[in-house]
Amino acid sequence: MYINGEWLEALGGERFEVTNPATGAVIGDAPNGGASDAQAAVEAAAAAFGSWSSTTAYERSDLLYKAWQLMTERSEDLAQLMTSEQGKPLKASRAEVKYGADFLRWYAEEAKRIAGEVLASGRADQRFIVLKQPVGVVAAVTPWNYPISMLTRKMGPALAAGCTIVLKPAEATPLCAMAVTQIFADAGFPPGTVNLVTARDPKPIGQVFTSHPVVAKLTFTGSTAVGRQLAGAAATNLKRVSVELGGHAPFIVFPDADPVRAAKGAAALKFLNSGQACISPNRLYVHSSGADAFTETMVERVSRVRAGNGAEDGVGVGPLVNEAAVAKVERQVEDAVAKGAGAPVGGHRLTDGAFADGHFFAPTVLTGVAEDMTIYREETFGPVAPIIGYDDVDAVVEMANDTNYGLAAYVYTQNLSTAFRAFEGLRFGIIGINDVNPTSAAAPFGGMGDSGLGREGGHEGIAEYLETKLGGFAI
Ligand code: ADP
């Protein structure tokens, strides 16, 4: 763990093992921190806040640029580590490291653009000045599916704003978090500005993060259930909260779209990170006029995707994170098939030969998916593309909106009016229009409803870490 500028063991002295999800092999270990470690970390962050928050934006920007540079220089090692710890194919790990580094560069730039306002008053002798200041100590909890970019997406804006931060990465991926923290140490961030607490059991750390008086803000990315609980606890103590949670993205193919192009997009998007992404499409609504062409292209593409160890050339889909994840996907697929869905590709676990010690599910296409199936409502987080046929073009946006989640949605159409109506009518925070990658460090990412609160990335991302202060001046 990294607390107040020093690499430390947990106070309890224990460590926990980290395994490769493709092979089951132990690839390293990390200190098993507890409540006292978390307490020491938030107190170190509090002690560092005074001097860090009074640095100039230019100084903070220079350090973030340095961290971006180091991350870029170390990108190949980071990608290799990510593939062995998290499982995604190397090409995807390289893309994630670049995306992760982008947040550092973007917020190195945004640091210098934090600005207030001067407002007119109704009193001739009065002026108002609105000042933006850092909120204070930030506690961050991050998931295993994007083990580097989910850290930098929080660290970049928090540090640029002048906050200090304590990170608690997922128990499956502490090694990536240690490598990212080392970058900040090497870049020269002062002791206490960046702190890392690793733990096998996240609960005691979460308890400190949501209750310790010096923590001003909790930022969380993970499941809706845990996010709801942590946000509730933090809100009781009147801490600021941002939570980026689950999703159940619809992907709508309108009758005027090219169904082959849409299917190629869906196949590329759905199997990214083995479907373990909160913006992964979970309901593919395909108009009956294009259904055959769409399904044929999906089946052809998906049957060519090779599952396996992400470190091997040509592997397009890696393992799932653990056995529970495989069991969940299997349960959803069995439920759908039992209720009448077809599974022209995949539909089962992969357990033979090289798959024996990993957590693999075959890339799967389901056809004839209907509302009574669990997969229609529940987030999958696995390599399964559920196709739902529809005829009523006027009703499809409302069908897509029929979920408590509201993170990402995708639309394929060549008609400008249809595109606009869908863009405005879909109740989701991120809409891809003929676009399967509507994300960037420069753009706001976040959801509505059960998908969370707040936005990360873009200029909105730094606002989450700033407090507004009003000065009334009588002159
Ligand atoms: P997933 O189901 O995708 O693993 P989680 O929401 O369980 O998602 O995990 C996301 C992050 O939340 C991880 O860092 C995990 O350790 C952490 N976490 C899970 N439960 C708690 C908890 N009760 N308190 C604090 N952090 C938690």
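We count ligands from 1, going down the list as the structure has it; atoms in each ligand are counted the same way. Each residue takes its place number in the sequence, starting with 1. Reckoned from all heavy atoms, side chains included, excluding hydrogens, waters and symmetry mates.
- Closest to atom 13 (C) of ligand 1 among all protein heavy atoms lies Thr142 O, 3.4 Å.
- When heavy-atom distances to ligand 1 are checked against a 4.0 Å cut-off, Phe209 has no atom that comes that close, whether in backbone or side chain.
- Heavy-atom proximity to atom 10 (C) of ligand 1, evaluated over Ile205, Val321, Thr221, Val208, is greatest for Thr221.
- Taking the centre and axis of the six-membered ring of Phe209, the NZ or CZ atom of Lys168 falls outside the cone set by 45° and 6.0 Å.
- Annotation: the span from Asn282 atom CG to Leu407 atom CG amounts to 11.5 Å, rounded to 0.5 Å.
- Protein heavy atom nearest atom 6 (O) of ligand 1, with residue, atom name and distance: Ser223 OG, 2.6 Å.
- More than 12 heavy atoms of other residues, nucleotides or ligands shown are found within 6.0 angstrom of CD on Glu76.
- Under a 4.0 Å criterion applied to the non-hydrogen atoms of Glu171, ligand 1 contributes the atoms 15 (C), 16 (O).
- For ligand 1, the atoms closer than 4.0 angstrom to any heavy atom of Leu230 are 24 (N), 25 (C), 26 (N).
- The protein heavy atom nearest to atom 1 (P) of ligand 1 is Trp144 NE1, 3.7 Å.
- Counting heavy atoms closer than 4.0 Å to ligand 1, residue Phe381 contributes nothing at all.
- Put simply, the side chain of Glu379 gets close to the backbone of Gly247: a donor and an acceptor are under 3.5 Å apart.
- Here Thr83 contributes atom OG1 and Glu96 contributes atom CD; the two are 9.5 Å apart, rounded to the nearest 0.5 Å.
- No more than 12 heavy atoms of other residues, nucleotides or ligands shown are found within 6.0 angstrom of CZ on Phe423.
- If you check the side chains of Thr221 and Thr142, you find no donor sitting under 3.5 Å from an acceptor.
- By the 4.0 Å N-to-carboxylate-O rule, Arg349 lies close enough to Glu330 to be salt-bridged with it.
- Residue contacts with ligand 1 for Ala172 are absent, since no atom lies close enough (heavy atoms, distance under 4.0 Å).
- Nearest protein heavy-atom neighbour of atom 23 (N) of ligand 1: Lys203 CG, 3.4 Å.
- Partner of Asp37 under the side-chain contact (heavy atoms from CB on, under 4.5 Å) criterion, out of Val208, Leu11, Leu8: Leu11 alone.
- If you check which protein heavy atom lies closest to atom 17 (C) of ligand 1, you get Val141 CG1, 3.6 Å.
- Counting the atoms of ligand 1 from 1 in the order shown, those under 4.0 Å from a heavy atom of Pro169 are 14 (O).
- Close approach of ligand 1 to Ala170 (heavy-atom distance below 4.0 Å) involves ligand atoms 13 (C), 14 (O).
- Remark: minimum distance from atom 20 (N) of ligand 1 to any protein heavy atom is reached at Val226 CG1, 3.5 Å.
- Distance remark: protein heavy atom present below 4.0 angstrom from atom 4 (O) of ligand 1.
- One finds the OG atom of Ser280 at 8.5 Å from the CZ atom of Phe271 (value rounded to the nearest 0.5 Å).
- With a 4.0 Å heavy-atom cut-off, ligand 1 is reached by no atom of Asn145.
- Looking at Ala199, Pro202, Gly206, it is Pro202 that brings a heavy atom closest to atom 27 (C) of ligand 1.
- A cation-pi geometry, defined here as NZ or CZ lying under 6.0 Å from the six-membered ring centre and within 45° of its normal, holds between Lys88 and Tyr146.
- Within the listing of ligand 1, atoms 6 (O), 11 (C), 12 (O) sit less than 4.0 angstrom from a heavy atom of Phe220.
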